[in-house]
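Bear in mind that the values here come from a model prediction, so they are computed numbers and not experimental data.
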Amino acid sequence: MARAYDIVARLQSGKEQPTVKIDADHEFKINTSKSAVLFIRAYTEDPEKDEFDKIDAIIKITLGEEAFEYIMSQDPTMDNLSLIVNVIMAAIANEDLEKVEAEAGEERQAGKKRS
């Protein structure tokens with residue numbers, strides 16, 4: 001008899017969108033869909049785009065325009081924007097935030113060595 005794989009429960013739990021809580025009153029769902037990830041990949045690999053454009057695009061695509069406007073209205077520091085992007089990337093990769101932050105730190109160090 002052939003094997004049967006029942007993945008209904010896993011697929012259902014995969015439909016639950018992760019969220020990021022910005023403050024006590026603002027929590028946003030993170031769009032981790034394939035189309036969002038593909039758009040982010042294409043946008044961030046474009047050499048014509050600077051780092052600020054890339055950060056803005058990641059936030060807009062995954063959290064939405066309303067979340068982007070709210071976050072920007074708070075005049076966040078670069079460290080806080082990086083934290084938000086790292087949370088988004090952790091959600092997309094289904095990884096722990098600490099692991100994504102460590103990888104981002106390694107990439108920054110590698111970039112400094114090349115410069």
Side-chain angles (χ1 to χ4, degrees):
M1 177 175 242
R3 291 181 184 237
Y5 295 91
D6 184 352
I7 60 171
V8 172
R10 289 177 72 177
L11 290 174
Q12 289 301 320
S13 68
K15 288 182 180 180
E16 295 173 15
Q17 288 181 298
T19 61
V20 58
K21 190 169 185 171
I22 302 297
D23 58 33
D25 299 321
H26 295 87
E27 183 172 356
F28 302 101
K29 290 183 179 180
I30 303 171
N31 181 354
T32 59
S33 70
K34 180 182 177 182
S35 58
V37 173
L38 289 174
F39 189 86
I40 289 169
R41 178 199 251 170
Y43 198 91
T44 58
E45 290 178 356
D46 184 346
E48 299 290 317
K49 308 294 184 198
D50 68 19
E51 291 305 309
F52 297 106
D53 289 334
K54 292 174 184 180
I55 289 170
D56 290 356
I58 290 169
I59 295 170
K60 285 179 188 176
I61 294 163
T62 57
L63 302 182
E65 191 70 37
E66 178 185 337
F68 175 77
E69 294 299 326
Y70 176 74
I71 290 165
M72 292 304 142
S73 75
Q74 303 303 302
D75 195 25
T77 64
M78 281 306 297
D79 279 346
N80 286 346
L81 284 174
S82 294
L83 175 59
I84 292 167
V85 169
N86 284 341
V87 166
I88 292 166
M89 300 314 283
I92 288 171
N94 198 25
E95 294 285 350
D96 291 327
L97 176 59
E98 293 75 20
K99 180 177 180 183
V100 171
E101 287 179 318
E103 290 171 356
E106 290 171 8
E107 287 179 21
R108 278 194 300 276
Q109 290 298 328
K112 287 180 183 178
K113 289 179 183 179
R114 282 183 255 151
S115 300

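Taking every heavy atom of both residues into account, K54 and K49 meet most closely at CE-O, 3.3 Å. Closest heavy-atom contact between I58 and V85: CD1-CG1, 4.1 Å.
Among L63, I59, I71, the single residue meeting the side-chain contact (heavy atoms from CB on, under 4.5 Å) criterion with V20 is L63.
Cluster membership for V100 and M78, using ILVMFWY side-chain heavy atoms within less than 4.5 angstrom, is shared. Under a hydrophobic clustering in which Ile, Leu, Val, Met, Phe, Trp and Tyr are joined whenever their side-chain heavy atoms come within less than 4.5 Å, directly or via other members, F68 and F52 fall into the same cluster.
At most 12 non-hydrogen atoms from other residues, nucleotides or ligands lie less than 6.0 angstrom from CG of N94. By the neighbour-count criterion of 12 heavy atoms within 6.0 Å, atom CD of E66 is sparsely surrounded, having that number or fewer from other residues, nucleotides or ligands. Taking a 6.0 Å sphere around CG of L11, one finds it holds more than 12 heavy atoms contributed by other residues, nucleotides or ligands.
If you check the side chains of S33 and N31, you find a donor sitting under 3.5 Å from an acceptor.
In this structure, I55 CD1 and T44 OG1 are separated by 11.5 Å, a value rounded to the nearest 0.5 Å. Of the inter-residue distances, the one linking N86 atom CG with E101 atom CD reads 5.5 Å to the nearest 0.5 angstrom. For the atom pair CG (D79) and CD1 (I84), the distance works out to 11.5 Å, reported to the nearest 0.5 Å. Rounded to the nearest 0.5 Å, atoms CD (E95) and CD (E103) are 6.5 Å apart. The distance from atom CE of M72 to atom CD of E65, rounded to the nearest 0.5 Å, is 10.5 Å. Rounding to the nearest 0.5 angstrom, the gap separating the NZ atom in K60 from the CZ atom in F39 is 10.0 Å.
In this structure D23 satisfies the side chain to side chain donor-acceptor pair (under 3.5 Å) test together with H26, Y70, sequence neighbours excluded.
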Next on the checklist: For L81 and D56: C-alpha separation, side-chain torsions, deciding distance, then whether side-chain contact (heavy atoms from CB on, under 4.5 Å) applies.
Outcome noted: CA-CA 9 Å; L81 284 174; D56 290 356; 5.6 Å; no
Item to check | Q17/I30 under side-chain contact (heavy atoms from CB on, under 4.5 Å): CA gap, chis, key distance, verdict | outcome: CA-CA 6 Å; Q17 288 181 298; I30 303 171; 6.0 Å; no
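Identified under the ring pair (Phe, Tyr, Trp, His ring centres under 6.0 Å) test for residues 83-105, with sequence neighbours left out: none.
In this structure, D53 and Y43 have side chains that are in contact, with non-hydrogen atoms separated by less than 4.5 Å.
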